[in-house]
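Take a look at the structure set out below.
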Amino acid sequence: MCGVRPASAAPIHDPAFAALKAAVVARTGHHYYADKDDLLWERLRARLRAAAAPDAAAYLARLGESEEEWAALEAEITIGETFFFRYAEQFAALRSTILPERIAARSPEKRLRLWSAACSTGPETYSLAILLHELLGERLPDWRLSLTGTDINRDVLAVARRAEYGAWALRSLPAEERARYFRRGARENTWVLRPEYRGLARFEPQNLLHLVDGTASLALTDYDVILCRNVLIYFHPDTVTAVVRALAARLRPGGWLLLGHAEPNPSFSEILDPVSLPGTAAYRRPPEERERPPVPPAAPEPVATPARPARHVPVRTPRPQEPPLARPLARPLAGPSTRPPAPAPAASASDTPLAAVRRLADAGDLDASWQACRAALQADPTDATLRLYEGLLARARARPEEAERAFRGAIYLDKGFVMAHYHLGLTLIAAGRREAGCRALANALRLAAGLPAEAGLPEGDGLTPGDLAEAARPFLGGGAP
């Protein structure tokens, strides 16, 4: 239906497949696959072919003999979506509250430790590096900073170390910020993070389950901030609680833990103090010691440091100077996301056409996403949301005329589609048609003004009418029309 090959049916009656699945879930903790046999088998089949294993039994035997094959399989099944400054509200909280508070508290030692767990290809880790660089400014050389990104997948860590990214990973950055943080890559339509940011981060392999069994690195302790977002959703509930408890033990007093929007659980308040910050799943270890979660054997005790009052820094709202490269997937405000990131770019039987388009694009495969979008539109040419994504993908593929036609098509199908008007305006301005582009932006703001002030705009990924007005202001002479 959407032009993507469906996952192959798993051999559910083969005892070796059941044993192989159990071994994979036990090793990776990915309980996500417990009821997704077909999706798991699709990923496994790729490794069976690569390893020349004729069946599940032979491949299970191969895994028993080879850590290298385990690493290859882990890479196959744990590829996830990521991009710079993903979930803008969490990064706003880091910029305005969490990092300034930690900098103030740690100023006597001038030492700060941050951990981006399950970091994938590194945008989250490097986004933290950019924030640290901007918040510390000229004081940066005086500080001892430890910023670590970890992931079970060694292949994505290799990508992170190269720090070279395509348009989709930078889709939430306005052009002026892209130019500030990156330089052009050697390959077409790629960007490389500038050395001053890249040099703040290091990357190493780590399985989060090793936090629970006590075999994790002893260096993973005494953190001021830990980000562990959009990975716990794949674990069994019991494992989730154990991992959160282990992460809490690795925070220093006053340290912060940030989770994905869909991951908070009431039981976590027995381990850490929940903190109410807009659009942010934040927990904190009390600055003054009280009863603490048990520390696993491998983790040494952190030393308490009294926290100082928070020093607030104003939140910087991005102001694009040319259209973002793709949809500003940034800020889910209305509770947990209904579309958790897929662990791999393979399709599942439950994919809707739109979900397939999003998933493939989020995995970085713009060509496949484009083909899926075109196929979906052939089946349902009157879907305004698919037309919007056709435009976003066309713009990311440097096809502005096709993008304009798609955005206009979305507006024809839904005249009140705020984000279609907005992206049409940005596309026209980038093409040098400023007057027409400003009219489209004005239409977007006029339509948004009729919506509740704090409502997330459809397909705006959490952008509110106020956010939209702020983003459009530079193009409209400093004020909303």
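These values consider heavy atoms only, across backbone and side chains, with no hydrogens, waters or symmetry-generated copies. Throughout, residue positions are numbered sequentially from 1 according to the sequence presented.
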#### Entry: side chain to side chain contact (heavy atoms under 4.5 Å, CB included) against Pro274, all qualifying residues, sequence neighbours excluded
Ser269, Tyr283
### Task
Report yes if the side chains of Leu258 and Ile98 come closer than 4.5 Å at any heavy-atom pair, otherwise no.
yes
### Message
How close do Arg95 and Leu135 get, counting heavy atoms only, and between which atoms?
### Response
O-CD2, 3.9 Å
### Any side-chain heavy-atom pair of His133 and Ile130 under 4.5 Å
no
### Query
How far does CH2 of Trp370 sit from CD of Glu402, to the nearest 0.5 angstrom?
4.5 Å
#### Entry: With sequence neighbours excluded, residues passing ring pair (Phe, Tyr, Trp, His ring centres under 6.0 Å) with Phe417
none
### Query
Out of curiosity, Asn265 CG to Thr241 OG1, how far, rounded to the nearest 0.5 Å?
6.0 Å
### Task
Give a yes or no on whether a salt bridge exists between Asp224 and Arg113, defined as a side-chain N under 4.0 angstrom from a carboxylate O.
no
### Query
Is Arg250 reaching over with its side chain to a backbone N or O of Leu220, donor-acceptor style, under 3.5 angstrom?
yes
### Message
side-chain contact (heavy atoms from CB on, under 4.5 Å), that's the test. Do Leu272 and Leu247 meet it? Break it down for me.
### Response
CA-CA 10 Å; Leu272 294 167; Leu247 290 170; over 6 Å; no
#### Entry: Heavy-atom side-chain contact between Gln90 and Glu124 under 4.5 Å
no
### Message
Any non-hydrogen side-chain atom of Leu227 less than 4.5 Å from a side-chain atom of Val225?
### Response
yes
### Non-hydrogen atoms of Leu60 and Ala19 that approach each other most closely
CD2-CB, 3.8 Å
### Task
Check Val240 against Phe268 and note the closest heavy-atom contact, atom names and distance.
CG1-CZ, 3.6 Å
### Task
Mind checking the OG-CG spacing from Ser146 to Leu200? Nearest 0.5 Å is all I need.
10.5 Å
### Task
Go through Asp383 and Leu354 one step at a time and tell me if the side-chain contact (heavy atoms from CB on, under 4.5 Å) criterion holds.
CA-CA 10 Å; Asp383 188 315; Leu354 179 59; 5.9 Å; no
### Message
Between Arg285 and Arg252 (side chain of the first, backbone of the second, donor and acceptor by atom type, cut-off under 3.5 Å), is there such a pair?
### Response
no
### Task
With the side chain counted from C-beta on, respond yes when Leu94 and Leu128 share a heavy-atom pair under 4.5 Å apart, and no when they do not.
yes
### Task
Evaluate side-chain contact (heavy atoms from CB on, under 4.5 Å) for Tyr197 paired with Tyr126, printing each intermediate quantity in order.
CA-CA 7 Å; Tyr197 308 113; Tyr126 287 133; 5.7 Å; no
### Task
For Thr280 and Pro278, indicate whether the former's side chain and the latter's backbone hold a donor-acceptor pair under 3.5 Å.
yes
### Summary
SG of Cys373 to CG of Leu393, rounded to nearest 0.5 Å, is 6.0 Å
#### Entry: ring pair (Phe, Tyr, Trp, His ring centres under 6.0 Å) partners for Phe182, two or more places apart
Phe84
#### Entry: Shortest non-hydrogen contact between Leu413 and Pro381, atoms and distance
CD1-O, 3.8 Å
### Message
Restricting to non-hydrogen atoms, name the atom on Thr190 and the atom on Glu164 that form the minimum distance, rounded to 0.1 Å.
### Response
OG1-OE2, 3.0 Å
### Query
For the residue pair Ala384 and Asp414, what are the closest heavy atoms and their distance?
CB-CB, 4.0 Å
### Message
Would the distance check show the side chain of Arg202 and the main-chain N or O of Thr148 forming a donor-acceptor pair, the cut-off being under 3.5 Å?
### Response
no
## Note on the structure
Across all chains, not counting sequence neighbours, the ring pair (Phe, Tyr, Trp, His ring centres under 6.0 Å) partners of Tyr59 are none
### Task
Verify, without hydrogens or angle tests, whether Ser127 (side chain) and Phe85 (backbone) share a donor-acceptor contact under 3.5 angstrom.
yes
### Message
If you define the side chain from C-beta out and look only at heavy atoms, does anything of Thr239 sit under 4.5 Å from Leu208?
### Response
no
### Task
Would you please name every residue forming a side chain to side chain contact (heavy atoms under 4.5 Å, CB included) with Ala403, sequence neighbours left out?
Ala394, Arg395, Phe407, Thr427
### Task
Find the distance between CD1 (Ile152) and NE2 (His210) and round it off to the nearest 0.5 Å.
7.5 Å
### Task
Supply the atom-to-atom distance Leu392 CG to His423 NE2, rounded to the nearest 0.5 angstrom.
5.0 Å
### Task
Classify the side-chain pair Tyr422/Glu459 by whether it contains a donor and acceptor separated by less than 3.5 Å.
no
### Task
Begin from the C-alpha positions of Asn207 and Thr215 and carry the test side-chain contact (heavy atoms from CB on, under 4.5 Å) through to its verdict.
CA-CA 10 Å; Asn207 186 336; Thr215 60; over 6 Å; no
### Query
With no hydrogens and no angle check, is any side-chain donor or acceptor of Thr150 less than 3.5 Å from a backbone partner on Pro205?
no
### Task
With sequence neighbours left out, write down each residue that passes ring pair (Phe, Tyr, Trp, His ring centres under 6.0 Å) with Trp256, or none if nothing qualifies.
none
